[in-house]
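So the structure is just underneath, and the comments pick up after that.
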Amino acid sequence: QVQLVESGGDLVQPGGSLRLSCAASGINFELYSIGWFRQAPGKEREGVACISSSDGSTYYIDAVQGRFTISRDNAKKMVYLQMYSLKPEDTAVYYCAAARRDLRVLLLHRQNEYNFWGQGTQVTVSS
């Protein structure tokens, strides 16, 4: 049974930092590209960052470029999203997802390419 389990979401003040984790099980993890997505209240889910299975290349949307860092540890079957300088507009439920096809930057915008999804973790940025 495939599972992706996110953790690390919390309430944080503007300007603060958080690290989200995504633990995978039941898949050949190193063969999957991983994406982080988020969905704010009343908005569509959007891609935030993704990391390639082939060479670990990383891709970000403009809104988080320079503030967020995605990384992976294949030995531990973990993916992380380090978030700095958080803003109220970063408030959302954050999801990780795994895609067998390594479409690199295209995976930021092709949610239907993902084979497995986690249940999400809430990030709230507020004073």
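Remember, predicted model here, so these are calculated numbers, not experimental data.
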Subject >> Side-chain heavy atoms of Ile70 within contact of Val79, under 4.5 Å >> reply: yes
Original post:
Is it true that Leu81 and Ile61 fall in one hydrophobic cluster, defined by side-chain heavy atoms closer than 4.5 Å?
Top reply: yes
Original post:
For the side chain of Asp73 and the backbone of Ala75, is there at least one donor-acceptor N/O pair under 3.5 Å apart?
Top reply: yes
Subject >> With Ser126 via side chain to side chain donor-acceptor pair (under 3.5 Å) - residues at least two apart >> reply: none
**OP:** Taking all heavy atoms of Tyr32 and all of Ala98, pick out the closest pair and write down the distance.
**Re:** CD2-CB, 3.8 Å
Pair up each side-chain donor or acceptor in residues 14-22 with any protein partner under 3.5 Å, not counting sequence neighbours, and list the distances.
none

Original post:
So which residues get pulled into Tyr80's cluster when ILVMFWY side chains under 4.5 Å apart are joined, directly or through others?
Top reply: Met78
Original post:
For residues 114-123, which residue pairs qualify under side chain to side chain donor-acceptor pair (under 3.5 Å), counting only residues two or more places apart or in two chains?
Top reply: Gln122-Thr124
Subject >> Pairs meeting criterion salt bridge (charged side-chain N to carboxylate O under 4.0 Å, His left out) with involvement of residues 114-124, two or more places apart >> reply: none
**OP:** Output all residues satisfying side chain to side chain contact (heavy atoms under 4.5 Å, CB included) with Leu103, sequence neighbours left out; order by chain, then residue number.
**Re:** Arg101, Leu106, Leu107, Arg110, Glu113
Subject >> Residues, nucleotides or ligands: over 12 heavy atoms within 6.0 Å of Asn112 CG >> reply: yes
Original post:
Are Val48 and Val105 in one and the same hydrophobic cluster, where Ile, Leu, Val, Met, Phe, Trp and Tyr link if side-chain heavy atoms are under 4.5 Å apart?
Top reply: yes
Original post:
Any link between Tyr95 and Val123 through a network of hydrophobic side chains (Ile, Leu, Val, Met, Phe, Trp, Tyr) touching at under 4.5 Å?
Top reply: no
**OP:** Output yes when a side-chain donor or acceptor of Thr91 lies under 3.5 Å from a complementary backbone atom of Val125, and no otherwise.
**Re:** yes
Subject >> Worked verdict on Trp36 versus Phe68 for side chain to side chain contact (heavy atoms under 4.5 Å, CB included) >> reply: CA-CA 11 Å; Trp36 281 99; Phe68 290 12; over 6 Å; no
Original post:
Sub-3.5 Å donor-acceptor pair from the side chain of Glu6 to the main-chain atoms of Cys96, do we have one?
Top reply: yes
Original post:
Hey, does Tyr60 have a side-chain heavy atom less than 4.5 Å from the side chain of Arg67?
Top reply: no
**OP:** Apply disulfide bond (SG atoms under 2.5 Å apart) to Cys50 and list each qualifying residue two or more places apart in sequence or on a separate chain.
**Re:** none
Original post:
If we only count heavy atoms from C-beta on, is the Ser53 to Leu31 side-chain gap below 4.5 Å?
Top reply: no
**OP:** Please collect all salt bridge (charged side-chain N to carboxylate O under 4.0 Å, His left out) contacts where either partner lies in residues 80-89, sequence neighbours excluded, each pair once.
**Re:** none
Original post:
Are Arg72 and Phe29 in a cation-pi contact, defined as NZ or CZ under 6.0 Å from the six-membered ring centre and within 45° of the axis?
Top reply: yes
Which pairs of donor and acceptor atoms, one on a side chain in residues 37-46, lie under 3.5 Å apart (sequence neighbours left out)?
from: Arg38; atom 1: NE; to: Glu46; atom 2: OE2; distance (Å): 2.7
from: Arg38; atom 1: NH1; to: Asp90; atom 2: OD1; distance (Å): 2.9
from: Arg38; atom 1: NH1; to: Tyr94; atom 2: OH; distance (Å): 3.0
from: Arg38; atom 1: NH2; to: Glu46; atom 2: OE2; distance (Å): 3.2
from: Gln39; atom 1: NE2; to: Lys43; atom 2: O; distance (Å): 3.1
from: Arg45; atom 1: NE; to: Gln111; atom 2: OE1; distance (Å): 2.7
from: Arg45; atom 1: NH2; to: Gln111; atom 2: OE1; distance (Å): 3.0

**OP:** Name all residues meeting the salt bridge (Lys or Arg N to Asp or Glu O under 4.0 Å) criterion together with Arg104; count only those two or more places apart in sequence or in a different chain, and write none if there are none.
**Re:** Asp55
Subject >> Any residue meeting side chain to side chain contact (heavy atoms under 4.5 Å, CB included) with Ser25, in chain and number order, not counting sequence neighbours >> reply: Gln3
Original post:
Is there a donor-acceptor pair under 3.5 Å between the side chain of Lys77 and the backbone N or O of Ile27?
Top reply: yes
